[in-house]
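By convention here, the first residue in the shown sequence is residue 1.
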Amino acid sequence: MAIPYMETVVGFMIVMYIFETYLDLRQLTALKLPTLPKTLVGVISQEKFEKSRAYSLDKSYFHFVHEFVTILMDSAILFFGILPWFWKISGGVLPMVGLDPENEILHTLSFLAGVTTWSQITDLPFSLYSTFVIESRHGFNKQTIWMFIRDMIKGTLLSVILGPPIVAAIIFIVQKGGPYLAIYLWAFMFILSLVMMTIYPVLIAPLFNKFTPLPDGDLREKIEKLASSLKFPLKKLFVVDGSTRSSHSNAYMYGFFKNKRIVLYDTLIQQCKNEDEIVAVIAHELGHWKLNHTTYSFIAVQILAFLQFGGYTLVRNSTDLFRSFGFDTQPVLIGLIIFQHTVIPLQHLVSFGLNLVSRAFEFQADAFAVKLGYAKDLRPALVKLQEENLSAMNTDPLYSAYHYSHPPLVERLRAIDGQDKKTD
């Protein structure tokens, strides 16, 4: 008797949807609370709390609708055999344009073109509503329709340029990999990730945002002095024009070995008038570097990738698995898609575990900044970021534990105060 793989996958998808909806309902209850958490009383203004509450509720209601539509579509695509039907249709198109339908690479690219087009069409209403209704209503969106369309066109062109050679390489490796397939796949994706991390900030990110050197002045001097004191190999210090699209703020760093760069959102500089608060945020980010969090995360991702490729090699020749999803043949891309669906339970567990680790890293980076003497500046900086981004002030503990990669503000402030007392 054949194992009902497809039905099992769809069943688990629905179970996970029900579980996550339960968590969403718990979070919705927390968001509806009319008062601030005790820790934030007197720290966050009532006006900011009301704005944050309204923004969070709007996003929550939108999320319910989006997730409901998504589970309906995903389940229907698998249950009603739309995936194999579309695979056949995409192959039938090739002879019409003079291409060989037996060529798996061409067939796969035709399939991906159709899937990408379908995804953009179905996701477009949600993206437009999120950007031009919710984000605009709460004062965050700075995009025009033309900028939105232009970004979408740029993203599509990048996919057309970068996608085909990557897809072709993966198919070639799977077809020729033999017993060492998992190693070859992992090595290819490892090299590809390094290449993308190298070219993205230099060639791709500037297509969407303008990066300018941080002007000379006290802020630049303080950041460079902090980096030097930690022996952080800072090569460039940029400001990105995030305000052209949104008033949300952030800061991040990137780069390999002795070629590190720090990027500040212009909105962060506008919102934090006290330069020491911005430096405290950078101290937190440098804490991640000093404590090797980025390295540990990268290694963890590579290990998980290798394990996934190893699992894929075990099931890619399972005729019953492909037939359960309605396929008579065993295309490489379809095998990867089916495998990703069959390991959904493990993916959720791994995601939860990575969130726990990420939250621990955030606490450690905060503690690192406190030890450097930035407690009095980090605390108001985090509060200001929470206020200006209208982040949720009340969070359900189960929801945040499952979804959040960063601890809620209340927990971070409590930890900072505790670490500050130890330092004193």
Side-chain angles (χ1 to χ4, degrees), residues 108-110 112-136 139-170 188-215 220 223 233-271 278 281-282 285 289 294 297-298 301 389 405:
T108 300
L109 292 176
S110 174
L112 283 176
V115 169
T116 301
T117 302
W118 168 255
S119 297
Q120 288 187 336
I121 291 172
T122 54
D123 192 55
L124 185 59
F126 294 104
S127 296
L128 289 171
Y129 188 86
S130 176
T131 302
F132 294 102
V133 177
I134 295 179
E135 295 295 307
S136 294
F140 287 117
N141 179 50
K142 305 300 179 184
Q143 290 189 83
T144 62
I145 286 288
W146 163 240
M147 186 180 293
F148 180 90
I149 294 173
R150 187 178 62 191
D151 284 352
M152 188 167 63
I153 293 172
K154 288 179 181 178
T156 301
L157 290 175
L158 283 171
S159 297
V160 170
I161 294 170
L162 299 176
I166 294 174
V167 170
I170 291 173
F188 173 73
M189 296 307 296
F190 175 75
I191 294 171
L192 179 63
S193 65
L194 294 181
V195 171
M196 291 304 297
M197 283 191 289
T198 301
I199 69 171
Y200 178 82
V202 179
L203 299 177
I204 298 177
L207 295 175
F208 299 90
N209 289 98
K210 183 179 180 181
F211 294 79
T212 56
L214 180 66
R220 186 180 186 94
I223 294 175
L234 178 61
K235 294 299 181 183
K236 294 184 179 181
L237 187 52
F238 289 119
V239 177
V240 60
D241 63 339
S243 59
T244 58
R245 287 171 174 76
S246 172
S247 57
H248 288 294
S249 55
N250 201 357
Y252 63 92
M253 61 183 183
Y254 64 91
F256 293 113
F257 307 115
K258 300 297 183 181
N259 186 29
K260 303 288 188 181
R261 305 179 184 192
I262 292 177
V263 178
L264 305 175
Y265 276 57
D266 56 354
T267 47
L268 177 67
I269 298 174
Q270 294 162 9
Q271 293 165 5
I278 299 176
V281 173
I282 299 303
E285 295 299 327
W289 169 78
T294 305
S297 297
F298 184 76
V301 169
N389 288 304
S405 61

Please report the shortest heavy-atom distance between [X] and [Y], naming the atom on each side.
X: L268; Y: N250; result: CD2-O, 3.7 Å
X: A251; Y: Y265; result: N-CD1, 4.3 Å
X: P201; Y: Y254; result: CB-CE1, 3.2 Å

State, yes or no, whether a side-chain contact exists between [X] and [Y] at a heavy-atom distance under 4.5 Å.
X: E285; Y: W289; answer: no
X: T244; Y: K210; answer: no
X: L264; Y: I282; answer: yes
X: F208; Y: L158; answer: yes

For N209 and V263, run side chain to side chain contact (heavy atoms under 4.5 Å, CB included): C-alpha distance rounded to whole Å, both residues' side-chain angles, the deciding distance at 0.1 Å, then the answer.
CA-CA 12 Å; N209 289 98; V263 178; over 6 Å; no

M197/F298 under side chain to side chain contact (heavy atoms under 4.5 Å, CB included): CA gap, chis, key distance, verdict:
CA-CA 12 Å; M197 283 191 289; F298 184 76; 3.5 Å; yes

Any donor-acceptor N/O pair, T131 side chain to L128 backbone, under 3.5 Å:
no

Tell me which pairs pass salt bridge (charged side-chain N to carboxylate O under 4.0 Å, His left out) where either residue lies in residues 140-149, with sequence neighbours left out.
none

Show your reasoning for whether side chain to side chain contact (heavy atoms under 4.5 Å, CB included) applies to D266 and T212.
CA-CA 10 Å; D266 56 354; T212 56; over 6 Å; no

So if I apply the side chain to side chain donor-acceptor pair (under 3.5 Å) rule between R245 and each of D151, N141, T144, which one comes out positive?
D151

Does the side chain of D123 come under 3.5 Å of the side chain of S127 through a donor N or O and an acceptor N or O?
yes

Kindly assign one of parallel, tilted or perpendicular to the pair F132 and F148, based on the angle between their ring planes and the thresholds 30° and 60°.
perpendicular

Within 6.0 angstrom of K154 NZ, more than 12 heavy atoms from elsewhere:
yes

Single hit among V167, L157, I204 for side chain to side chain contact (heavy atoms under 4.5 Å, CB included) with L162
I204

Test side chain to side chain contact (heavy atoms under 4.5 Å, CB included) on F140 and T267 and set out the steps.
CA-CA 11 Å; F140 287 117; T267 47; over 6 Å; no

